[in-house]
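Down below is the structure, laid out as structure tokens.
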Amino acid sequence: MNKTKSSPKHFIRSIASNDIERGVYEGLYTRFPPEPNGYLHLGHAKSICLNFGLAEDMGGRCNLRFDDTNPEKESIEYMESIKNSVAWLGFEWAHLRYASDYFEDLYGFAVQLIEKGLAYVDDLDAEQMREYRGTLTEPGKNSPSRSRDIKENLDLFARMRAGEFEEGSYVLRAKIDMSSPNIVMRDPIIYRIRYAHHYRAGDAWCIYPMYDFTHCISDALEGVTHSLCTLEFQDNREIYDWILANITIEENLLGDKGRTMPRQIEFGRMNLEYSLASKRKLVQLVNEEHVSGWDDPRLTSLEGLKRRGYTPASIRNFCAEIGVTKKDSVIEMTVLENAIRNDLEASAKRVFGVLQPLKVVITNYPEDTTESFTVKNHPKDEEMGTRELSFSREVYIDREDFMMDPPTDFFRLSPGKEVRLRYGYAITCDDVITDDAGEIIELHCRYDPLSAKGKTADGRKIKGIIHWVNAADAINVETRVYDRLFTAANPGAADDFIALINPNSLQTYADAKVEASVLHADPEDRFQFERVGYFCFDSKDSASGKLVMNRTVSLRDTWAKQQR
RNA sequence: UGGGGUGUGGCGAAGCGGUUAACGCACCGGAUUUUGAUUCCGGCAUACGAAGGUUCGAAUCCUUCCACCCCAGCCA
């Protein structure tokens, strides 16, 4: 696997190193704070690389913290999957934390706020609450509960926790400003009643803190210095700062007292063309079985990409490549493909594989002879060694490398034409055998015995070079070739994204053939099928009896491009 | 009609008052090549959302305007 590029400069790094230089903070501390309510995708990878990467580069630390304050959506399964994905990308968290571990502390801070007259228990129902909130252009108005005295608030809040009230009957609100132009500041709810089982806290609680209250405090407790999040939280920064300014944290989890509060910085989301990140839509794709599951290799979930054959390094390089700015970006698929090609070009073993086998009989080659060519596993990297490639009278070539009636610039095989079998001999096509339906089933060719080792006796150049596998010991393998899942660059914007599913996003070649050496490969190995693309074993469906290989990405193909 | 953001080539992205306006992807040429791969060379914005202004000098400063994104969950 390749090294990852060092992350480039961007505005967050400048701010952070500036803060450290000026002594605002002693060292960098970040966190990646997913809610365990789904699987990670490429967009999360950007955040992971930003948070963990920055800490790595600046000699800081980064926590993995689950922002698990909504028991109705979260589960252990998601949490485990997220941990695996972060680890797979190659990052190590300083601490594994859970917001749910802070529930007791959070409750205490809420009490602090009430005691200061900065929070109150409200009995408005959801609809009234919305009415009182005002609109984008009109200020809200104070709830009648806003004037409730501190003692009563304390009592009510304690009874909320004790389970004396129904869901939705009371909430705890911060007392800020109902006429703030920033709607987030219009007395935001910080606790609600929910009789739901929490995947970690169990049934210990029936009140749960809201994001705005929880997140900033969690950061502060963990000693986070820079709290990086996406653009849509810009308005929330005001409440983030307000909460931290109005509570007193005696000592954080690191044992620090009087530590400087964390600073929230927002960055733009990444969108990938021809893909979907919306959780709801992905669930639909999975449930309606348009894809095989959350780890379908056509999905840009991290598990999908992993199964597809993407390496952690390629994803980290991709994230370094797309940059970090304050605007939402739309990244072209080729950037992702470029990242994995760069990695695999250097690291993948070269091997011969034929997706659509066409039998070639070499009529002037002896029937009972097998010879062996010693070939390189990598054209440039000698350290990757060599392997033996067997050759005999019958071989398979790819149907795409033969054309009955080719254009002049097609320099592969066709009737009467000569082509080189890579690493082997030059052959000329004499006969094309068809079946009753006119389907080509076999080619009869003649080889030039003096054409081994890339030479020819008369010095003639052979332009066309094709790959092949020896029929006698070829291994059968099912190969799955993937294309973009959608036919539109932004399927999420369409009314009916299901209608935009690319019918050719998965093509299965059940009878593909690969050279014998693949049998002894490690399940984790990646290959380049020369002239075809990069492949890996499918982690779910491949077994020793039945090999299944996924095409991670094709090779660049100027010939195919020219044909379009 | 409120508030918060963003606008540099097809897509990303540097640039922070004086640069020929980096770089990556894509694209177009050409060289090398037993992968039509890789590699290598070369091309690719008189132009920085628009219009004014300040200045000897602006993508960078000021003004106005325009476009797009986010915010009215007891989601995060």
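When reading the values below, keep in mind they use all heavy atoms of this one structure, side chains included, and skip hydrogens, waters and symmetry mates. Numbered from 1 within each chain, the chains take letters A, B, ... in sequence-line order.
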Between [options], which nucleotide gets closest to the side-chain atoms of [X]?
| X | options | value |
| --- | --- | --- |
| R531(A) | rA76(B), rC28(B), rU35(B) | rU35(B) |
| D125(A) | rU35(B), rC74(B), rC71(B) | rC74(B) |
| L231(A) | rG5(B), rU35(B), rC75(B) | rG5(B) |
| N182(A) | rC25(B), rA76(B), rG3(B) | rG3(B) |
| R192(A) | rU35(B), rG36(B), rC75(B) | rC75(B) |
| M210(A) | rG4(B), rG3(B), rA76(B) | rA76(B) |
| S329(A) | rC71(B), rA13(B), rC74(B) | rA13(B) |
| V171(A) | rC74(B), rA13(B), rG2(B) | rC74(B) |
| T558(A) | rA72(B), rG36(B), rC28(B) | rG36(B) |
| M129(A) | rC74(B), rU35(B), rC27(B) | rC74(B) |

[N] to [M] separation - [atom1] atoms, rounded to the nearest Å:
| N | M | atom1 | value |
| --- | --- | --- | --- |
| rA37(B) | rG29(B) | P | 13 Å |
| rA21(B) | rU1(B) | C1' | 40 Å |
| rC68(B) | rG57(B) | P | 35 Å |

Under 30°, 30 to 60°, or over 60°: which ring-plane class applies to [X] and [Y], parallel, tilted or perpendicular?
| X | Y | result |
| --- | --- | --- |
| Y240(A) | H215(A) | tilted |
| F165(A) | Y170(A) | tilted |
| F535(A) | F529(A) | parallel |

Using a cut-off of less than 4.0 Å, is there contact between a side-chain N or O of [X] and OP1 or OP2 of [N]?
| X | N | result |
| --- | --- | --- |
| R133(A) | rC74(B) | yes |
| T325(A) | rG12(B) | no |
| R350(A) | rU35(B) | no |
| T69(A) | rA76(B) | yes |
| K326(A) | rG4(B) | no |
| K327(A) | rC68(B) | no |
| R130(A) | rG73(B) | yes |
| R269(A) | rC70(B) | no |

Hey, does T135(A) reach any base, or is it just sugar-phosphate, or nothing, if we go heavy atoms under 4.0 Å?
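Base contact - T135(A) has a heavy atom under 4.0 Å of at least one base atom.
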
Identify whether any heavy atom of R412(A) sits under 4.0 Å from a base atom; if not, whether one sits that close to sugar-phosphate; answer base, sugar-phosphate or nothing.
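The residue R412(A) makes base contact.
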
Distance alone, cut at 3.5 Å: any donor-acceptor contact between the side chains of E388(A) and S372(A)?
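Yes - a donor-acceptor pair under 3.5 Å links their side chains.
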
Looking just at side-chain N and O atoms, do Y208(A) and N70(A) make a donor-acceptor pair shorter than 3.5 Å?
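Note: Y208(A) and N70(A) side chains miss the donor-acceptor criterion.
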
Keeping T30(A) on the side-chain end and N51(A) on the backbone end, is there a donor-acceptor pair under 3.5 Å?
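Yes.
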
For rG43(B), does the O4'-C1'-N9-C4 or O4'-C1'-N1-C2 angle fall within 90° of 0, making it syn, or is it anti?
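Chi for rG43(B) falls in the anti range.
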
May I ask you to decide whether E337(A) forms a salt bridge with R556(A), counting only side-chain N to carboxylate O separations under 4.0 Å?
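The answer is no: the pair does not qualify as a salt bridge.
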
What pairs of nitrogen or oxygen atoms, one from the protein and one from nucleotides 39-42 of chain B, lie under 3.5 Å apart?
from	atom 1	to	atom 2	distance (Å)
rU39(B)	O4'	K380(A)	NZ	3.1

Hey, where does RNA chain B pair up into stems, meaning at least three consecutive Watson-Crick or G-U pairs with distances under 3.5 Å?
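Looking at RNA chain B, the stems formed by three or more consecutive pairs are B:2-7 with B:66-71, B:10-12 with B:23-25, B:27-31 with B:39-43, B:49-53 with B:61-65.
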
Centroid distance below 5.5 Å plus an interplanar angle below 30 degrees: do W559(A) and rG36(B) meet both conditions?
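By the stated criterion, W559(A) and rG36(B) stack.
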
Full working for side chain to side chain donor-acceptor pair (under 3.5 Å) between R387(A) and N377(A):
CA-CA 7 Å; R387(A) 67 187 191 282; N377(A) 288 329; 3.1 Å; yes

Regarding rG10(B), can its base be found pairing with the side chain of E332(A) as donor and acceptor, where the two atoms are less than 3.5 Å apart?
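Per atom types, the contact qualifies.
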
Measure distances between side-chain N and O atoms of Q528(A) and base N and O atoms of rU35(B), and say whether any donor-acceptor pair falls under 3.5 Å.
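For Q528(A), whose side chain was compared with the base of rU35(B), there is a donor-acceptor pair (under 3.5 Å).
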
